Structure formats: structure tokens, C-alpha cells
Amino acid sequence: MSTEQEQPRIGVSVCHCGTNIGGFLDVPAVAEYVKTLPYVIYSEHNLYTCADDGLTSIKNAIKEHDLNRIIVASCTPRTHAPLFQYTCESAGLNPYLFEFVNIREQCSWVHMKEKEEATLKAKDLIRMGVARANLLEPQTEKRVDVISKALVIGGGVAGMSASLSLADQGFQIYLIEKEEELGGMVRKYYKLTPSNIDALEFIDNMVNKIKIRENIKIYKSSIVKDVRGYIGNFKVTIEGKSNENLEVGTIILATGAQEFKPNGFYEYGQDERIVTTIELENKMRIKELDGVINVIMIQCVGSREERIPYCSRICCMTAIKNAIYLKKEFDISVNILHNEIRVYGDYYEALYRKAQEIGVHFNKFGENDKPKVLKENGTLNVEIFNEGLGRIEKYPADLIVVSTPMVNISDAESLSKMLKVPLGQDRFFFEAHVKLRPLDFATDGIFLCGAAHAPATIPEVITQGYGAASRAAIPLASGYVQVEAITSHVEEAKCRGCGRCVEVCEYKALELAELENGRRVSRTNEVLCKGCGTCVATCCNGAISMMHYTSEQINAMIDAALSEKVGGGIVG
Amino acid sequence: MDNMFKPRIIAFCCNWCSYAGADLAGVSRFQYPPNARIIRVMCSGRVEPRFVFRAFEKGADGVIVTGCHIGDCHYISGNKKAEERMKLVRYLIGILGLEEDRFRLEWISASEGQKFAHVMTAFINKIKELGPNPMFGKIEEGTECQQ
């Protein structure tokens, strides 16, 4: 039904809600008052508008009085708007031509002892509703088709888990890995806990499962060069052995992390007896530990201080695991210097205890009293103020392992810009909501798992991989995404192309486009817009309007609220 | 102060937090004075400074904008944008010759029904103290903010 150029013909139903409204304000008087308002053709009051007879009454009124706007004054739109919108729709009226006025939660229930004032307020509120209803326009909820393929960026444990899960659900997957082999960071480890499995064996198991899937296409030594489009319709350019253009519906970012290289810490890089954890893992793998009797591990090197303030979560467990292997397989004595050991859960706590039992030493230093590495006649010694013993101690070392934090990959910044997804304060990729949407990005259709988000253990990474896969599968499985009808719209003639709306939009729904005459204007991508209206309030030129919440509608409500001194003002 | 003065208040509530907070105040039967007229917007970030000025121009004695707490915005950061914008609005209404206290920005969550009632009561009492909008009726026709 088109209402353009059609005069509004408004029907209003005022609800008693039993005694919830009717008991505290004069509903018949309100319904009578409503008839005096412009364009109101029909007004009624019901015991329960939401009951069958109330709904039928609305439907009949639409037909009998040829109504093109419906207002219900009752409870709250947050619970009942869908019901009344559906009723309108079933009577042939666009559901966006319905207006809700809240006279229960926000009137009768909060002014229970002021019947006269509450009645006046209800009249005001309905007058505001009528003012807005006059300006309502029909809206359509669009659907956008989704290409049922997904791109997974990063072929580590997270990316492989996500790919396998999506492939099992029958979708075509493109898996991009920048290295020559799949496996990511875990490929650099020696053995893994829990399970005591060789890291390479663990990775090969996963890789073999991936390789046999016909619906997973692997691109090794390849990177993502360009991403365009939006949920359901991403166009991705891959650069590698061959350059390819892919079209996918959703994207999973599983780019992992890298070990922080502690250049400038403890002569790392100048003395080859000072190594990082991953370098130690490699030494264990290739058995390059001849002549090593004492290993000292220093925890939190570079982390939990100004530059990298976070705890990297996995280093304590990794250090303990390595200490046990060094002790048991290589008969090497290990002393772990830490500022506090952070292990959690049953398994890792037990591992910590086991390390202590088999004779791994743990010594605590103070936060502002870091260990010193001393080179004396070519021998390495580590000096700490041992908090437990209350004195300075000196330990000899043949090998010093500095446990450094995980940091985001070097090309995180460019990926972040390309995908239009943010980085957090810790420079890792930043999820849409810390509690409610931990695997989503605010940008629709792009999901996150693994160490790209934060350092995590392998079981956690696999869980996240499965989780991200299931999030990414939702649009792929349904084949379409429903687009909000309430979106912003830029009037190009008024736009000066300043780009402030583009800056404030969290959903990257606005983009500057160049017209044929070279003028820059902003445009809304309706698929991405969530309808918050921040861009509208930001625009200096009034060039942006918000569907269903236009400035004209809100202005009309303000004017109507203040047009009569019915509800307030100086009386008497 | 004239006891008969009944302030007219315009309240902008975001759909996801403070409008829900207002609903909860109702469900919990927390009473507050009947002077506010709520306008529901999707986000406090939607509130244009123009809306506030218009309300004062049309005779509102007070205007309050409410949104989700910082960090809880349904649209990630709309409330932060509102905060920046509304700081300026408060400053500007001062320049226009209105008391800055006639305008208020508050964060009220969906679970803070009690807070909603408290904030409304306190704000309305404050406006009662300040008295009627001194500018109402003094602005010439046709000088309203044009787009």
C-alpha cells in the first residue's frame, strides 16, 4: 500500500490493560480527546488491545475506515510492537505505518496516585504519537543473497579447525596461509601438553584431514591483497603463486600471533646462549643441548610492563612444560625465575605441582626488581633478589630462556584496514563485544578466532575455531541476510563529502564515493547499517536522514509535546 | 517559587538501555513526577543538538538525554559520540542565556529502573527550582535553526 501523497487517516486504539492503565488514568476521556487530533479518523478503547477481540477490532477498523496509520496506546513497544505490526500487516497495512505509545510502563504505572496528571500526560504522549504517525512512511525489509562460500585467513590450528568445521557442514572453503606449510605457530613447538604429543605429529594429523576435503581449497605462500564488499558478497584478491579473485559470503580471521623478539633485553641477539621459548623448543627438537647443565628461564620478559602491559597467558604453562621435558628427557636442571606463576584449571595446576615434585626450581623476583644477567669470564650468571629468601642470589646458567609474550602479527595493521576490523589497545584484533560477541567483529560477516584475538592454549584455540565456524555458517546456511529497514540515507545533493559520518560509523556502513563530476559524496551501504543514527546527528549539512526515525518525525514529536499546555506549563 | 509551576520536560531515551530502564521503573512501580515526555530514539548518538535547542525554543523547561552506560552501547560507541556532542550542547545553552542545569545527560541501563525514577525525580525537582524557561516566547518567529 502506498501512502505517498495520501492524506493520513489515523486510527487509535487506547488500551485499559485491565486496570493496569484503566485503573490509574481516565482511558475513555483519553480516547475521546484523541478524536480531536488532526487526521485521527477513528478512536476506540479496549479492555485488552492485545487480546483477540482487540486485534480484530484494529483489523476491522483499518478496512471499515480505510485507515493508513495505526496507533496503539498501551504497554511498551519493546514487548508488544511486533504483535501489533503483524496485525497491521495482516490487514494490508505496511508495519512501519504503526506507531506505539507507551502509557503503561511510562505513565499509569509510574504515576499511580496522580490520575488527573497521568491522564493529561497520556493525552500528550498520544498527541506526540499522532504527530509522528502523520510523517511515517512505509518501509521494506530487504534481503541480500549470500554466496555460500567462506574464506579463512590463516592456516594454523585456529584456521584449520574453523575450515574443517565449515567443510563438514558442506560449504566451500578457501584457506589462505602465508607460510609455505600449514600449521602456524604450533609447527615451531617441540611437544605439547596435555597429551604429550609431538607438535609436528599433531599438526600433520590436522593437515591430513584438511587435505582430503574436496571442498577446502588451500592457498599456501599466499596473502590477502584486497577485500571489498560486505556480508554475503565479499570480493577478495589473493596474491601468491597465482593471483586469484575469490567471492565469499563470510570471512574468518585466524591469523594467529608471533613471539615477541626481545631485542635489547638481556643481550638477546648478542649472546647465542640467550634464547626465546620458541628457540628453545627448536633446540629440544633437534637435540642441540649438548653440554647444557643449567637452564634458567626468565618469565615475563617484555610483558606486564609499560610497553606490553598484558599477561600473555600461555608462557607460564609453556615454561613449566619445557622444564619438565628438559629435566626428564635431557637431564638438565631448570630454574624458573618469575614474578608470579599464572597457571589455571586442574590440569595446569597439576603440571605446576609435578614440576616442583621432580625438582624444577621456582624463584620469585619483585615486579620492579627484575633479574640481572651477568657475564663473568665468559660464564653466564643470573642474579635476582629472591623474595622468598629475602636476599640476593646468583645462579649459573649455560642457557637462558627468556619467556616473551605473544604479540600480533606484523601485517595486522594492514589487514585491519583491509577488512575494516579494529585492533584493541593490546594491538590484537578486537571483538564486537567482550562478553556477548567474543567471536564476531562489529563488521558483519567477519569473524575471529585463535591467537589473532589474544594468546590462547591449543584447546581454547580449537574451541574458538569451531565457534567462529558456526557463527560464519549462519548466513551461509540461510542463504540470505535480512537487512534492517531502519537505515541511514544520504541525500547526495546536500553532502559536502567531509567524511565525518564515515569516521563515526562503527559498522563501516558509510563510504565516500566520487561522482562523475569529481565531487565526493558519502553513501550508506544498507546491508551494513544498523540504524543507530549517529551519522545523522554528526552531519553538519543535514544531508543524512534516518529511515523511520527522521529528524522531521522527532521534531514533530517535540513540537507536539510542547504545543498545548494540557500536560504541564503554568496552570491556573 | 510558584507551587503551580509544572515543568515541561523532554526526555530522549535510547531504545536499548534507558527506555528499557524507564519500562522497568514502571514494572517495578517506582513513582516519579509526571512532567517528562519521553521520545524514544534508537541510540543516544542519534540525538541531534538541534533537537535539544528546538525543545527549549518551543518552551521546554528542561531536556534530558539518556543512554547506555559507556562501554555498553548497543551500537558500540554511539553514547560516546553523544557525550562529546552533549558537552557542547550544555555549553551552548549557557551561551544562549539558559541555565546549563536545564540540560542533563545520564547513563541508565535496562536494569536500572530505580535509577531512572531517581534521575527523573531529581531532574524535575531541579527544574522546579530553576523555574520556567526564561527564553520561551522571547525568540522571534522565523529565527529557528534552519538546516
Side-chain angles (χ1 to χ4, degrees), chain A residues 75-79 100 102 104-114 116-118 120-121 124-125 128 132 432-434 442 486 494 504-507 530-539 541-543 546 548-549 551 554-555 557-563 565 567-572, chain B residues 2 4-10 12-16 19-20 22-51 54-55 57-61 71 73-78 81-82 85 110 116-117 120 132 136 146-147:
Chain A
C75 45
T76 171
R78 298 180 67 258
T79 57
F100 212 120
N102 184 333
R104 191 180 72 177
E105 278 84 344
Q106 297 178 6
C107 191
S108 69
W109 276 351
V110 287
H111 315 305
M112 297 172 91
K113 290 171 187 156
E114 299 161 279
E116 197 181 330
E117 289 296 327
L120 291 174
K121 176 172 171 177
D124 280 8
L125 292 173
M128 291 159 72
R132 175 163 183 247
H433 191 284
V434 62
I486 304 173
K494 282 187 184 171
V504 299
C505 181
E506 288 280 3
Y507 304 99
K530 298 275 178 253
C532 63
T534 301
C535 57
V536 187
T538 300
C539 182
N541 282 19
M546 176 56 57
H548 206 56
Y549 285 91
S551 305
I554 295 172
N555 282 337
M557 290 179 88
I558 297 170
D559 294 358
L562 302 163
S563 66
K565 291 188 175 173
I570 302 162
V571 186
Chain B
D2 182 1
M4 294 309 288
F5 172 51
K6 294 176 185 170
R8 298 194 292 174
I9 312 281
I10 299 290
F12 292 97
C13 295
C14 80
N15 181 59
W16 306 96
Y19 191 90
D23 277 353
L24 183 62
V27 172
S28 319
R29 310 296 196 275
F30 295 132
Q31 306 294 297
Y32 54 88
N35 304 71
R37 304 290 176 262
I38 291 176
I39 295 178
R40 183 168 67 116
V41 287
M42 280 298 131
C43 180
S44 54
R46 170 71 184 91
V47 180
E48 298 175 30
R50 248 191 302 252
F51 296 159
R54 189 180 186 105
E57 183 199 329
K58 301 284 176 181
D61 301 302
C73 178
H74 184 79
Y75 302 103
I76 303 168
S77 70
K81 312 278 164 29
R85 221 170 268 146
F116 188 89
M120 282 300 160
F136 183 42
Q146 296 293 323
Q147 290 211 338

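Keep in mind that the numbers below use all heavy atoms, side chains included, and drop hydrogens, waters and symmetry copies. What you are looking at is a predicted structure, and each value in this text was computed from that prediction instead of being measured.
A:Glu114 and B:Pro34 make their closest contact through OE2-CD, 3.2 Å (heavy atoms, listed as atom of the first residue, atom of the second, distance). Residues B:Tyr19 and A:Pro77 approach most closely at OH-CD, 3.4 Å, considering heavy atoms. The heavy-atom pair separating B:Ala22 from A:Gln106 by the smallest distance is CB-NE2, 3.5 Å. Between A:Ala537 and B:Pro49 the shortest heavy-atom distance is O-CD, 4.4 Å.
No part of A:Thr79 comes within reach of chain B, as not one of its non-hydrogen atoms sits under 4.5 angstrom from that chain. Neither the backbone nor the side chain of B:Phe116 comes within contact range of chain A; no heavy atoms are under 4.5 Å apart. A:Tyr507 touches chain B through its side chain: at least one heavy atom from C-beta onward sits under 4.5 Å away, while N, CA, C and O do not. For B:Ala82, no part lies under 4.5 angstrom from a heavy atom of chain A. For chain B, the nearby parts of A:Met112 are the backbone and the side chain; heavy atoms of each come within less than 4.5 Å. Of the two parts of B:Phe30, only the backbone, made up of N, CA, C and O, holds a non-hydrogen atom closer than 4.5 Å to a non-hydrogen atom of chain A. Using a 4.5 Å cut-off between heavy atoms, B:Arg40 contacts chain A through both its backbone and its side chain.
Side chains of B:Tyr75 and A:Glu506 form no contact here, defined as non-hydrogen atoms less than 4.5 Å apart. The closest side-chain heavy-atom distance from B:Ser28 to A:Glu105 is not below 4.5 Å. Within the 4.5 Å cutoff, the side chain of B:Asp23 has heavy atoms near those of the A:Arg78 side chain. Taking the side chain as every heavy atom from C-beta outward, A:Ile554 and B:Val47 never approach each other to under 4.5 Å.
The backbone N or O of A:Tyr549 lies less than 3.5 Å from a partner atom in the side chain of B:Arg46, making a donor-acceptor pair. Proximity of a side-chain donor or acceptor of B:Gln31 to a complementary backbone N or O of A:Trp109 within less than 3.5 Å is detected.
Contact tally against chain A (heavy-atom pairs below 4.5 Å) for B:Ile10, B:Val41, B:Ile39: the top residue is B:Ile39. Chosen from A:Leu125, A:Ile558, A:Ile486, the residue pairing most often with chain B at heavy-atom distances under 4.5 Å is A:Ile558. For chain A, the option among B:Ala25, B:Ser77, B:Gly78 with the highest count of heavy-atom pairs below 4.5 Å is B:Ser77.
Taken from NZ in B:Lys6 to CD in A:Glu117, the straight-line distance is 4.0 Å, to the nearest 0.5 Å. Atom-to-atom distance recorded for B:Asn15:CG and A:Cys532:SG is 12.5 Å, nearest 0.5 angstrom. Annotation: the span from B:Asn35 atom CG to A:His111 atom NE2 amounts to 8.0 Å, rounded to 0.5 Å. The NZ atom of B:Lys81 sits 6.0 Å away from atom OG1 of A:Thr534, with the distance rounded to the nearest 0.5 Å. Taken to the nearest 0.5 Å, the CG atom of A:Leu562 stands 10.5 Å off from the CD atom of B:Glu57.
The side chain to side chain contact (heavy atoms under 4.5 Å, CB included) test with A:Asn555 singles out one residue from B:Lys58, B:Arg50, B:Arg54, and that residue is B:Arg54.
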